[in-house]
2 protein chains.
Amino acid sequence: MSSKVTIHEVARLSGVSIKTVSRVLNREPNVKTDTRTRVQEAVAALNYRPNISARSLAGSKAYLIGVFFDNPSPAYVTDVQLGAIARCREEGYHLIVEPLDSQGDVAAQVEPMLHTLRMDGVILTPPVCDNTAVLDVLEAEGVPYVRLSPDQDLGRSAHVRMDDVRAAYEMTGHLIALGHTDIGFIKGHPDHGASHLRYEGYLQAMKEHGHAVREDHVEQGYFSFRSGFEAAERLLAGDDRPTAIFASNDDMALGVMAVANRLRLEVPQTLSVAGFDDTPGAKVVWPQLTTVRQPIQAMAAAAADLLLGGSKRGEGEAPPSRLLDFQLVVRESTGPVR
Amino acid sequence: MSSKVTIHEVARLSGVSIKTVSRVLNREPNVKTDTRTRVQEAVAALNYRPNISARSLAGSKAYLIGVFFDNPSPAYVTDVQLGAIARCREEGYHLIVEPLDSQGDVAAQVEPMLHTLRMDGVILTPPVCDNTAVLDVLEAEGVPYVRLSPDQDLGRSAHVRMDDVRAAYEMTGHLIALGHTDIGFIKGHPDHGASHLRYEGYLQAMKEHGHAVREDHVEQGYFSFRSGFEAAERLLAGDDRPTAIFASNDDMALGVMAVANRLRLEVPQTLSVAGFDDTPGAKVVWPQLTTVRQPIQAMAAAAADLLLGGSKRGEGEAPPSRLLDFQLVVRESTGPVR
DNA sequence: ATAAGCCATGACAGCCTTGTCAAGGCGAGC
DNA sequence: GCTCGCCTTGACAAGGCTGTCATGGCTTAT
């Protein structure tokens, strides 16, 4: 197969200079239409692909976007990759993935890779996206970055988020619509901003519908299965239990299901359970979990888009951001109260 | 911060030529020890990092390893990435991830990226690793590759595998040791080579211990939760049911648990359940699933190692391969028969 | 002592593309 | 008809590093 066709040969075949081929390749203006066509034909005929190393050495772009993560959830990570790649491919960019070890000095891990591979931009996922040391390094090196679902300091950089408050609000509304009035809630890890937002959405819906929030029916969790399990044990002890439990994420909701199972409480007949995130586990229980789906791929694609200049921004303007829609996924774990 | 230190400045500071710095950087022989030291000090002092584009343009290496996948399991994918990166970083290599769309013409997707980014090697995961069209393109482009857990044509290329037969053999042995004699089995997707291997290991263990394999206690599954669920419904209907079920993967095992749950069969008191793969879901059920853990990260690291020349091979020798050890993860879903 | 050979180092070209700048052609305005 | 300025194109250098080959010093063998 065509092993290494250079821009030279394309130029010769199409009878123009190298530079003009370069212009066509980079979609630059000021090339006559028929010249452009001729070059494109030559490119196709020779099956020419520009050499990315030469490009980035000569020019300013590296055609590489980095994805930094340090995320325990594989499903999240792959979704981010998939979403980002989808957008990157359109522009001929590639994705470099760099898992970070949050135990160590994260910033120290970031700096060398920024230096070696001069990436055109970086996508940061939680929790790295809230690591100020990393942000500092990125800024010092002048590498543009976009944060996915950041918790803090939203104004500091471009970012993409989902409306956690409204999602929790609507999930609570869904339970209320099913007739539940005593709805238990399991909060997420207090260090995650999303925890507060989700709790707020829950409170808001309860209040708006005039249902009291019983303090002893709100438990602190930590986003883990075990913490959900333990919270549920407290919530479901005795007969004075809620008819529905809304956990701040799926893993905890699965913990609730496990307890219900143990106590022989039928889901959803006796107890409705709702989660948040739509992790793969949500479909791997019986009954399947009602939950909220974050459009992770779309969010990552939006982040890539921001990086690739989908919206150029002038000096001094606020960093761009996008707010994406969530999706309520109603499955079998929630049902009418009886 | 040090924005762009070039090899030039390192050379000047250490009082040697550019070329010598290059030699030190590439760990080439024939550099006097104290020269080497001096250069290394200068590198450290200036915080110099070689520019990867320039390196790959000038030399033959691109310092990039690709990971191609088209795998439905996020956990698998991330583990592969983590394992591969761990090894790559030691040598200053980076990872490019390229999800493939198996619906389309996979080979056509592969060719352009091989052309643009001349990667030094590619790691192929199932099922891409058995796509002959992709292998053909890779070979035509002269890009070295290593396959992870390939099914077919093992002699064709370097690969890394786990001993599925022995793993299934030992899992079955574990159940037998617990006193089970009537052990049901759910086969995996017939298109996956691993399915046959696992079944074989099961058969082998049953035979060796003199236990009959009841044909009506072996069901065909397809690696999905649903197929495991349905297989279990058949297996567990009536009183003449096995005391243990060994499913060829975790998702199907979870399906079995769901049915047991439904039928109010206590696990493991009345029914022992074993899976295979140790997916995250295995820990998110109650009781937690006994399963087999593939050392995926280690396998990926071994693949990277093969690529990075951990074992150079001479002309005409067979492609290198590695066989890694699995691990039996005994949790609560299996117990003594009663 | 002389030749042969190895070791350590450097000079220089080249890798393939893009950025800069200059030049020629051509239509518009006066 | 002439100047101005825009559109289109090309020549050339530059980008940071490695490969090749040459150089000189020093060791080993004769």
Side-chain angles (χ1 to χ4, degrees), chain A residues 2-40 42-43 46-64 91-94 112 114-120, chain B residues 2-40 42-43 46-64 91-93 115-118 120:
Chain A
S2 46
S3 203
K4 37 178 170 178
V5 186
T6 71
I7 198 172
H8 237 99
E9 320 186 25
V10 178
R12 213 167 19 130
L13 179 59
S14 48
V16 299
S17 76
I18 282 185
K19 180 65 211 184
T20 299
V21 177
S22 170
R23 287 197 178 91
V24 174
L25 259 33
N26 292 292
R27 301 201 192 107
E28 285 175 33
N30 302 339
V31 178
K32 244 195 287 184
T33 309
D34 71 315
T35 310
R36 188 180 298 273
T37 313
R38 206 143 29 92
V39 171
Q40 282 164 339
V43 166
L46 296 173
N47 190 23
Y48 165 77
R49 316 273 173 206
N51 177 311
I52 211 170
S53 305
R55 256 162 106 129
S56 69
L57 181 58
S60 47
K61 293 178 281 186
Y63 294 91
L64 291 177
E91 313 269 344
Y93 279 68
H94 294 260
L114 251 30
H115 246 270
T116 334
L117 249 30
R118 301 191 83 47
M119 319 189 200
D120 301 307
Chain B
S2 46
S3 202
K4 37 178 172 178
V5 187
T6 71
I7 198 172
H8 237 98
E9 319 187 27
V10 178
R12 213 166 19 127
L13 179 59
S14 47
V16 299
S17 76
I18 281 186
K19 179 65 210 183
T20 299
V21 176
S22 170
R23 286 198 179 91
V24 174
L25 259 32
N26 292 292
R27 300 199 192 110
E28 285 175 31
N30 300 339
V31 178
K32 242 196 286 182
T33 309
D34 72 316
T35 309
R36 189 181 297 271
T37 313
R38 208 145 26 95
V39 171
Q40 283 164 337
V43 166
L46 296 173
N47 191 22
Y48 165 75
R49 315 277 172 203
N51 177 311
I52 213 171
S53 306
R55 257 163 107 131
S56 69
L57 181 58
S60 47
K61 292 178 280 186
Y63 294 92
L64 291 176
E91 313 269 344
Y93 279 67
H115 244 271
T116 336
L117 249 31
R118 301 191 82 45
D120 302 308

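Throughout, a chain's letter reflects where its sequence line sits, starting with A, and its residues are numbered from 1. In what follows, every heavy atom counts, from backbone to side chain, and hydrogens, waters and symmetry copies are set aside.
- When the P atom of D:dT20 is taken as reference, atom CD of B:E28 falls 11 Å away, rounded to whole Å.
- Taking the side chain as every heavy atom from C-beta outward, B:V24 and B:Q40 approach each other to under 4.5 Å.
- Atom CG of B:L117 is separated from atom P of C:dC16 by 16 Å (rounded to the nearest Å).
- Atom pair B:R12:CZ and D:dG16:C1' shows a separation of 15 Å (rounding to whole Å applied).
- Distances were taken from every side-chain heavy atom of B:L57 (C-beta onward) to each of C:dC16, C:dG19, D:dT18; the shortest belongs to C:dC16.
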*Can you give one letter per nucleotide of nucleotides 6-11 of chain D, going 5' to 3': B for a protein heavy atom under 4.0 Å from the base, S for sugar-phosphate only, - for none?*
--BBBB
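- Side-chain contact check for A:N26 versus A:R55: some heavy-atom pair is nearer than 4.5 Å.
- Inter-residue side-chain proximity for A:T20 and A:S17 is flagged as met; some heavy-atom pair is nearer than 4.5 Å.
- The interatomic distance linking B:I52 (CD1) with D:dC17 (P) rounds to 12 Å, in whole Å.
- Take the nearest nucleotide of DNA chain D for A:S53 and for B:V21: the residue whose nucleotide is more 5' is A:S53.
- For the atom pair B:H8 NE2 and B:L46 CG, the distance stands at 13.0 Å (nearest 0.5 Å).
- Side-chain contact between A:I52 and A:H94 is present, with at least one heavy-atom pair separated by less than 4.5 Å.
- Within the 4.0 Å cut-off from OP1 or OP2 of C:dT17, at least one side-chain nitrogen or oxygen of A:Y48 is found.
- One atom, NE2 of A:H8, and another, C1' of C:dC15, lie 13 Å apart when rounded to the nearest Å.
- For the pair A:R118 CZ and C:dT18 P, the computed distance is 19 Å after rounding to whole Å.
- Taking 4.0 angstrom as the limit, A:T6 places none of its side-chain polar atoms (N or O) nearer than this to OP1 or OP2 of C:dC16.
- Within the 3.5 Å criterion, the main-chain N or O of A:S14 finds a donor-acceptor partner in the side chain of A:R38.
- Two residues are said to be in side-chain contact when any heavy atoms from C-beta on lie closer than 4.5 Å; B:V31 and B:V39 fail this criterion.
- In this structure, B:N26 reaches the D:dT18 phosphate: one of its side-chain N or O atoms is under 4.0 Å from OP1 or OP2.
- Nucleotide D:dG15 holds its P atom 19 Å from the NZ atom of A:K61, rounded to whole Å.
- Distance, A:N51 CG to C:dC15 C1': 8 Å, rounded to whole Å.
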